[in-house]
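Taking it in order: structure first as structure tokens, then the write-up.
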Amino acid sequence: MDPQLSSLHDDVLAWFAEHRRDLPWRGRDGGRPDPWAVMVSEFMLQQTPVARVLPVFEAWMEVWPAAADLAAATTGDAVRAWGRLGYPRRALRLHAAATAIVHQHAGRVPDTYEALLELPGVGDYTAAAIASFAYGRRMLVLDTNVRRVFSRVVRGQQYPPRSVTSEERRLGQELMPVEGADVWAAATMELGALVCTARAPRCDACPIVDRCAWRAAGYPQGEQPKGQTWHGTDRQVRGRLLAVLRESPEPVLKGALDAVWDDAGQRDRCLAGLLDDGLVELVADDVFALPGHDEGR
DNA sequence: AAACCGTGGGA
DNA sequence: TTCCCAAGGTT
């Protein structure tokens, strides 16, 4: 192997060995983690910071320690347990994935990228991550952290392209070690999360700062990806509506939902959208709840 | 393929 | 205070 590449691996892996966080979905003392725990964590971590996932993950695994346990619950229970993680459709998709695992995979989380990709809510990143972290398969795991690290170190640019390019895949494959690709994936992700951060990178703590093309180029400022609007959007309204239902143990009257937003047209459209998505259920005339409220179990 | 889908902590 | 953005996926 290219000796320069080999020393890059060594430096990143040595840094990881020292600074690796002991997260509950990671395996203990070198052993493989529980695939279901990996899967739950990956769903929760989609666009949500580790610190906010931690307590919800612990509670979730306590209640539903296996896919079959979640599949036996109602989707409403899943949405409520999801709490304030955001993007609650992920809770529905995780529930649907658990159901598919029970019915089509005998309750075991699939161990191939292809089978994982078939599950609801599992895209390229999540399929590769589960196959890698839970089963040790040699997969290219390209998350936002890895893409940022590679963009800076190799391309010399502050930010990666908006969406994954074939060039990034080619580079990622090239850099991926033959052995221990799973540890390499975790290490490069961790480096991006803890050191090579988006906002204020801690280059003084970086194990490969001397090889960084972005640093060598004098930290040229890339174009900021344009932020998403928030105030006044349907997402904000949906969030408020669902918060009311999530925090109420009992179904609520429409009046309680009407109170969260002035614009009645937008409010009703959002409520209809939530019903359509399966995040909310109509219990009776003008009475709403999270789905499965009266199903029992 | 661009737009949509939540939330809250830190800079 | 405002803005950024965090282990993406779906349509």
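Below, read A as the first sequence line, B as the second, and so on, with proteins coming before strands; counting in each chain starts at 1.
The 12-atom threshold is exceeded at CD of A/Gln221, counting heavy atoms of other residues, nucleotides or ligands nearer than 6.0 Å. Within 6.0 Å of atom CZ in A/Arg170, more than 12 heavy atoms from other residues, nucleotides or ligands are found, so the atom counts as buried in its surroundings. The number of heavy atoms from other shown groups lying within 6.0 Å of CG (A/Asp2) is above 12.
Looking only at atom types and distance, the side chain of A/Arg235 has a donor-acceptor partner in the side chain of A/Gln228 under 3.5 Å away.
A/Trp82 has its CH2 atom 14 Å from the P atom of B/dG8, to the nearest Å. For the pair A/Gln228 CD and B/dA3 C1', the computed distance is 9 Å after rounding to whole Å. Look at CG on A/Leu241: it is 10 Å from P on B/dT7, rounded to the nearest Å. Distance A/Leu242 CG to B/dC4 C1': 16 Å, rounded to the nearest Å. B/dG6 atom C1' lies 9 Å from atom CZ of A/Arg52, rounded to whole Å. As rounded to whole Å, 12 Å separates atom P of B/dG8 from atom CZ of A/Arg240. For A/Arg235 and B/dG6, the CZ to C1' distance is 6 Å, given to the nearest whole Å. Going from atom CD of A/Gln46 over to atom P of B/dT7 covers 16 Å, rounded to whole Å.
Atom C1' of C/dT1 sits at a distance of 15 Å from the matching atom of B/dG8, rounded to the whole Å. Nucleotides C/dA7 and B/dA2, compared at atom C1', are 23 Å apart to the nearest Å.
Along DNA chain C, the nucleotide nearest to A/Leu23 and the one nearest to A/Leu117 differ in position, and the one closer to the 5' end is contacted by A/Leu23. Ranked by how close their nearest DNA chain B nucleotide is to the 5' end, A/Ala200 and A/Arg90 are led by A/Arg90. With DNA chain C read from its 5' end, the first of the two nearest nucleotides for A/Leu119 and A/Arg26 is the one closest to A/Arg26. Comparing A/Arg84 and A/Arg199 by the nucleotide of DNA chain B whose heavy atom lies nearest to each, the residue mapping closer to the 5' end is A/Arg84.
Within the nucleic acid shown, A/Arg21 comes within 4.0 Å of at least one base atom, counting heavy atoms only. Within the nucleic acid shown, A/Thr126 comes within 4.0 Å of sugar-phosphate atoms alone, with no base atom in reach, counting heavy atoms only. Looking at heavy-atom distances under 4.0 Å, A/Asp277 makes no contact with the nucleic acid at all. Nucleic acid contact for A/Ser41: none, since no nucleic acid atom lies under 4.0 Å from a heavy atom of the residue. Backbone-only engagement by A/Tyr159 is indicated by non-hydrogen atom pairs under 4.0 Å involving sugar-phosphate atoms exclusively. Contacts of A/Gly86 with the nucleic acid, taken as non-hydrogen atoms under 4.0 Å apart, include base atoms. At the heavy-atom level, A/Val122 lies under 4.0 Å from the strands shown only through sugar-phosphate atoms. When heavy atoms are screened at a 4.0 angstrom cut-off, A/Ala198 is found touching the sugar-phosphate backbone but no base atom.
The hydrophobic side chain of A/Val209 is isolated, with no ILVMFWY side chain under 4.5 Å apart from it.
Counting 5' to 3', DNA chain C first comes under 4.0 angstrom of a heavy atom of chain A and last does so at the ends given by C/dC4 to C/dT10.
A perpendicular orientation is assigned to the rings of A/His9 and A/Trp184, their planes being inclined by more than 60° (bins at 30° and 60°).
Side-chain contact check for A/Trp36 versus A/Met61: some heavy-atom pair is nearer than 4.5 Å.
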List the steps, then state whether salt bridge (charged side-chain N to carboxylate O under 4.0 Å, His left out) holds for A/Asp263 with A/Arg269. CA-CA 10 Å; A/Asp263 184 339; A/Arg269 184 180 70 242; over 6 Å; no
